[in-house]
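These numbers come from the heavy atoms of this one structure, side chains and all, not from hydrogens, waters or symmetry mates. Atoms within each ligand, like the ligands themselves, are counted from 1 in listed order.
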Amino acid sequence: MVLGVTGGIAAYKSVQVARDLTRLGAEVDVVMTAGAGRFVRPLSFEGVTGRPALTDLFSADGAAQHIRLGYDADVVCVAPTTADFIARAAQGRANDLLSTTLLATRAPVLISPAMNDRMFAHPQTQRNLKHLHEALGYAIVGPASGPLAFGEGEGPGRMLEPGYIVQEIGRALGADPAFTGRKVLITAGPTREPLDPVRYLGNRSSGRMGFALAEAAWLRGADVCVVAGPVAVPAPYGPEIVSVETALEMHAAVGERVGETDLNIFAAAVADFRPTDPSEDKLKRAEVGPEFQIGLTANPDIAAETKSLRRGGAVTVGFALETSDLVENAQRKLDDKGFDLIVANDATDPLAGFDVDTNVATLVWREGEPEALPTMTKHELAERILQGVAALLGEGE
Ligand code: CTP
């Protein structure tokens, strides 16, 4: 891949991008503009990529280098991209090695802008970016908001963090036609049902499985929204996260969105009941007495009760955690909740369930035989589920 570096203060962070990509196994050719060389030395990149950093359009390494780099690249990412380079790219200039590379490539191109917030907001810059995105199909990744090197501004202008740029490159390379541009809705994590302002009924779901699915679908090019209860793990970069607490809030958030999606995945461990009368004040031990009865009311079954709102042709996946009769119970839920696939886990298996990174699942399809899968990580299981779903998404066209 080609990592283009242009002349902004964020160029020092590009060394980290080059290092991360190299460690992931990529062959990274760094191409620097003259401005970039004022901020960071070619040697810094050479040290992390093990390849010469390229700066010269007219080098002795063969006259065709300005073309070859673009031909050979699987992806071209320019990070940071200055306002000047954005303007040059939008005009189709070919006055240095990086701009010729852009013209010569047919690989996906990512542009990661980094500049003063006023320069970014300027109509010239915005018009150029719009052209790069809409006419040329370049992905514009970032900028982020936050403190800038100069000025009072905290508006968008900062380069996206290196880890996120690497994620965006992964998405550009991993695009899957079955998922690209598809809308995916995922529920994840537990719900919390309040007893009083400080206590709740909940469960040990961490959100790992739902987030692994969200990240995997996003990396395949889908437009992903996760309605997440109070999860124990950090949210993935990329998907939109809608945070909720209770089953009723999760139900409302799903109801608002499920009419527009191509794929729904119900991975949340929704509390089936909530305290009927949560106290407005903190319950006092002395007032409650030695025994405490809690009245519970059934929560909506979110998957079942939003079934009629789903778009025709949408594919829906559910999960089931069982302690006995795994396949039979899963098959019943498949019908009751209108799922095309249910991922059934055995709750008695220590390698499956809430607090672990692994899962042991049986895929129970509406059509076809159940598939008992070996123990795998939740990320591997997410990939396996999406591979299976890709075929169904094609059918729903
Ligand atoms: N589910 C849901 N809303 C609920 C309960 C469950 O959307 N109130 C979804 C889960 O996200 C999961 C599927 O339904 O995809 C099955 O969850 P599970 O807890 O196994 O099902 P229940 O219907 O609660 O069955 P059980 O009687 O085994 O508790």
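Atoms of ligand 1 found under 4.0 Å from any heavy atom of Gly318 (numbered from 1 in listed order, with element): 15 (O). Those atoms of ligand 1 that come under 4.0 Å of a heavy atom in Ala320, given as number and element, are 20 (O). Residue contact check: Ala268 has heavy atoms under 4.0 Å from atoms 10 (C), 11 (O) of ligand 1. Of all the atoms in ligand 1, the ones that sit under 4.0 Å from a non-hydrogen atom of Lys333 are 18 (P), 20 (O), 21 (O), 25 (O), 26 (P), 28 (O). Each of the atoms 2 (C), 7 (O) of ligand 1 lies under 4.0 Å from some heavy atom of Ala303.
At least one donor-acceptor pair under 3.5 Å links the side chain of Thr81 to the backbone N or O of Val78. Using modelled atom types, one side-chain atom of Arg106 and one backbone atom of Leu103 make a donor-acceptor pair closer than 3.5 Å. With hydrogens and angles ignored, the 3.5 Å screen pairs no side-chain donor or acceptor of Asp336 with any backbone N or O of Ala304.
Screening Thr82, Asn95, Asn128 for a side chain to side chain donor-acceptor pair (under 3.5 Å) involving Arg88 leaves a single residue, Asn95.
Residue contact annotation: Asn299 has no non-hydrogen atom under 4.0 Å from ligand 1. Put simply, no part of Ala247 is less than 4.0 Å from ligand 1, judged by heavy atoms.
Salt-bridge check for Asp117 with Arg158: failed, with every basic side-chain N at 4.0 Å or more from each acidic carboxylate O. Ion pairing between Asp223 and Arg182 fails under the 4.0 Å rule for side-chain N and carboxylate O. A salt bridge links Glu371 and Arg384; the closest N-O separation between the charged side-chain nitrogens and carboxylate oxygens is under 4.0 Å. For Asp20 and Arg23, the salt-bridge test fails: no basic side-chain N is under 4.0 Å from an acidic carboxylate O.
Hydrophobic clustering, with ILVMFWY side chains joined whenever heavy atoms are under 4.5 angstrom apart, groups Leu219 together with Val17.
Backbone and side-chain nitrogen or oxygen atoms of Pro300 are examined, and one is located within less than 3.5 angstrom of a nitrogen or oxygen of ligand 1. An N or O contact shorter than 3.5 Å is missing between Phe339 and ligand 1 by distance. By the 3.5 Å distance cut-off applied to N or O atoms, Thr187 is not counted among the residues near ligand 1. Among the atoms of Asp272, some N or O lies under 3.5 angstrom from an N or O of ligand 1. Residue Ala271 has no N or O atom closer than 3.5 Å to an N or O atom of ligand 1. Between Lys337 and ligand 1, at least one N/O pair is under 3.5 Å apart.
Protein heavy atoms are absent from the 4.0 Å sphere centred on atom 27 (O) of ligand 1. Atom 19 (O) of ligand 1 lies below 4.0 Å from none of the non-hydrogen atoms of the protein.
Comparing Asn264, Ile302, Ile342, Asn203 by heavy-atom distance to atom 3 (N) of ligand 1, the nearest is Ile302. Of the listed options Phe266, Phe319, Phe273, Phe319 places a heavy atom closest to atom 13 (C) of ligand 1.
You'll find the side chain of Thr358 stays beyond 4.5 Å of the side chain of Lys378, heavy atoms only.
Between Tyr237 and Tyr164, the ring planes are parallel. Angles under 30° get that label, and only those over 60° would be called perpendicular.
Of the protein's non-hydrogen atoms, the one nearest atom 4 (C) of ligand 1 is Val270 CB, 3.5 Å.
A distance of 12.5 Å separates CG in Leu21 from CD in Glu27, rounded to the nearest 0.5 Å.
With a 4.0 Å heavy-atom cut-off, ligand 1 is reached by the backbone of Leu321 but not by any atom from C-beta on.
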